Amino acid sequence: HVQLVESGGGSVPAGGSLTISCEASADTFSGHCMGWFRQGAGKQREGVAVISAGGYGRPTPTYSDSVKGRLTISRDNAKNTVYLQMHDLQRQDTAMYYCAARRTCVTGPLNHFLWNVWGQGTQVTV
């Protein structure tokens with residue numbers, strides 16, 4: 001059973017940068033697709049970035065169009081941790097950011113209904 005703990009959220013000025021982290025508790029992290037989702041006040045949860053496990057190749061990221069070019073997802077399998085680097089943050093990026101895990105990224109990677117393991121979230125305010 002994979003458990004996820006996010007950290008690194010906070011308040012930043014518009015145009016600023018922030019990196020948030022998510023540490024998994026189980027050894028199965030290295031075999032899981034990992035993702036970042038966000039939910040603003042009164043809004044639906046949306047997928048922003050996911051990254052495949054990598055297997056025999058390099059982990060492959062996927063981004064939503066709304067964040068492409070400003071957010072970068074990465075993972076460190078040795079530390080069981082996935083990161084989200086955020087640059088040029090804008091007010092519309094204000095949200096609770098959630099880390100999630102699932103066995104595969106293949107189907108609907110940014111569809112939050114298809115993810116079954118979630119962290120508690122970390123707040124980002126711009």
Side-chain angles (χ1 to χ4, degrees):
H1 179 65
V2 180
Q3 293 184 335
L4 307 171
V5 178
E6 302 95 334
S7 62
S11 296
V12 295
S17 299
L18 190 68
T19 297
I20 55 179
S21 305
C22 170
E23 183 175 359
S25 62
D27 292 339
T28 53
F29 168 85
S30 63
H32 280 71
C33 176
M34 302 299 298
W36 284 102
F37 296 75
R38 67 185 182 186
Q39 188 166 14
K43 298 181 180 179
Q44 288 191 339
R45 190 167 298 192
E46 64 168 333
V48 293
V50 304
I51 187 166
S52 66
Y56 293 102
R58 295 185 65 178
T60 302
T62 301
Y63 299 97
S64 70
D65 289 340
S66 64
V67 304
K68 198 171 294 183
R70 297 190 300 117
L71 273 60
T72 301
I73 188 171
S74 62
R75 63 190 295 158
D76 185 336
N77 288 343
K79 296 181 178 180
N80 293 336
T81 301
V82 61
Y83 303 94
L84 186 67
Q85 296 175 283
M86 301 181 286
H87 301 288
D88 191 24
L89 285 163
Q90 304 300 318
R91 283 189 177 183
Q92 56 264 35
D93 295 314
T94 294
M96 185 71 78
Y97 283 71
Y98 297 93
C99 178
R102 58 186 278 202
R103 288 298 297 173
T104 176
C105 289
V106 173
T107 304
L110 296 175
N111 183 346
H112 67 278
F113 290 111
L114 301 181
W115 294 70
N116 59 329
V117 182
W118 293 89
Q120 294 299 307
T122 186
Q123 177 69 35
V124 174
T125 303
V126 183

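Remember, it's a predicted structure, so these values are computed and weren't measured experimentally.
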(request) Could you check if a side-chain atom of Pro59 sits within less than 4.5 angstrom of a side-chain atom of Ile51, using non-hydrogen atoms only? (result) yes

(message) When you compare the side chain of Thr94 with that of Gln123, does any pair of heavy atoms fall below 4.5 Å?
(response) yes

(message) Under the criterion side chain to side chain contact (heavy atoms under 4.5 Å, CB included), I'd like the reasoning laid out for Tyr98 against Cys22: C-alpha separation, chi angles, the key distance, then a yes or no.
(response) CA-CA 9 Å; Tyr98 297 93; Cys22 170; over 6 Å; no

(message) Within this structure, what is the CZ-CD distance for the pair Arg70 and Gln85, rounded to the nearest 0.5 Å?
(response) 13.5 Å

(message) Can you give me the closest heavy-atom contact between Met34 and Ala101, atom names plus distance?
(response) SD-CB, 3.6 Å

(message) Which heavy atom of Trp115 sits nearest to which heavy atom of Pro109, and what is that distance?
(response) NE1-O, 2.9 Å

(message) To check you understand the geometry: which heavy-atom pair defines the closest contact between Ser21 and Thr81, and what is its length?
(response) CB-CG2, 4.2 Å

(message) Which heavy atom of Leu84 sits nearest to which heavy atom of Ala49, and what is that distance?
(response) CD1-CB, 4.1 Å

(message) Go through it in stages, so that I can follow the logic: the residues are Leu114 and Arg102, the test is side chain to side chain contact (heavy atoms under 4.5 Å, CB included), and I'd like the CA-CA distance, side-chain angles, deciding distance and then a yes or no.
(response) CA-CA 8 Å; Leu114 301 181; Arg102 58 186 278 202; 3.8 Å; yes

(message) I'd like to know if Arg38 and Glu46 make a salt bridge, using a cut-off of under 4.0 Å between side-chain N and carboxylate O.
(response) yes

(request) Taking Trp36 for its side chain and Ile20 for its backbone only, find out whether a donor-acceptor pair lies under 3.5 Å. (result) no

(message) Tell me whether Gln120 contacts the main-chain N or O of Val5 through its side chain, where contact means a donor paired with an acceptor under 3.5 Å.
(response) no

(message) What's the separation between atom CE in Met96 and atom OG1 in Thr125, rounded to the nearest 0.5 Å?
(response) 8.5 Å

(request) Might you work through the side chain to side chain contact (heavy atoms under 4.5 Å, CB included) test for Val50 and Leu110, ending with a clear yes or no? (result) CA-CA 7 Å; Val50 304; Leu110 296 175; 3.9 Å; yes

(request) Find the distance between CG (Leu71) and CE (Met86) and round it off to the nearest 0.5 Å. (result) 6.0 Å

(request) State the OG-CG distance between Ser17 and Asp88, to the nearest 0.5 angstrom. (result) 8.0 Å

(request) Kindly give the heavy-atom pair with the smallest separation between Ser64 and Gly47, and that separation in Å. (result) CB-O, 3.4 Å

(request) Given side chain to side chain contact (heavy atoms under 4.5 Å, CB included), test Phe29 with Arg75 step by step and report yes or no. (result) CA-CA 10 Å; Phe29 168 85; Arg75 63 190 295 158; 3.7 Å; yes

(message) Tell me whether Arg45 forms a cation-pi arrangement with Trp118, defined as NZ or CZ under 6.0 Å from the six-membered ring centre and within 45 degrees of its axis.
(response) yes

(message) Using 0.5 Å steps for rounding, measure from the CZ atom of Phe37 to the CG atom of Asn111.
(response) 8.0 Å

(message) Taking the side chain as everything from C-beta on, heavy atoms only, tell me whether Val48 gets closer than 4.5 Å to Tyr63.
(response) no

(request) May I ask you to test the Tyr83-Ile73 pair for a side-chain heavy-atom distance under 4.5 Å? (result) no

(message) To the nearest 0.5 Å, what is the distance between CG on Leu89 and OG on Ser11?
(response) 11.0 Å

(message) So Val82 and Cys99, do their side chains get closer than 4.5 Å, heavy atoms only?
(response) yes

(request) Check whether more than 12 heavy atoms from other residues, nucleotides or ligands sit under 6.0 Å from atom CD of Gln92, and answer yes or no. (result) yes

(message) So does Thr60 get a backbone contact from the side chain of Ser52, meaning a donor-acceptor N/O pair under 3.5 Å?
(response) yes

